[in-house]
Amino acid sequence: MAVPKRKMSRSNTRSRRANWKATVVATVACPQCKSPKLPHAACSVCGTYNGRQVIEV
């Protein structure tokens, strides 16, 4: 098991943890109903994907 040889300082620990950020979920507008949806996924409002109906809504 890997064990650190020396204690990490507060500034090093905090600067390392400062890079853990939540990213915003990317959304695109549905070409049919213009509601936001995940890219490469069927629209949950109208049920279309790539110009055709794939989910019954």
Side-chain angles (χ1 to χ4, degrees):
M1 185 169 121
V3 179
K5 213 168 252 258
R6 298 197 187 281
K7 181 178 180 178
M8 188 174 257
S9 68
R10 278 188 196 159
S11 63
N12 282 349
T13 302
R14 289 173 182 166
S15 67
R16 187 187 72 241
R17 287 182 184 158
N19 292 315
W20 283 58
K21 296 178 188 78
T23 57
V24 179
V25 176
T27 57
V28 294
C30 175
Q32 303 285 13
C33 64
K34 307 295 187 243
S35 65
K37 70 173 193 74
L38 293 173
H40 308 287
C43 179
S44 60
V45 177
C46 63
T48 59
Y49 179 73
N50 204 11
R52 62 180 191 267
Q53 190 76 21
V54 291
I55 300 172
E56 285 295 321
V57 181

From Lys7 atom NZ to Asn12 atom CG, the distance as rounded to the nearest 0.5 Å: 12.5 Å
Exceeds 12 heavy-atom contacts within 6.0 angstrom, atom CZ of Arg17: no
Side-chain heavy atoms of Val28 within contact of Lys37, under 4.5 Å: yes
Pairwise side-chain contact, Asn19 with Lys21, heavy-atom cut-off 4.5 Å (strictly under): yes
Mind listing the side-chain donor-acceptor pairs of residues 42-57 below 3.5 Å, one per line with the distance, residues two or more places apart or on another chain?
residue, atom, partner, partner atom, Å
Gln53, NE2, Cys46, O, 3.0
Gln53, NE2, Ile55, O, 2.8

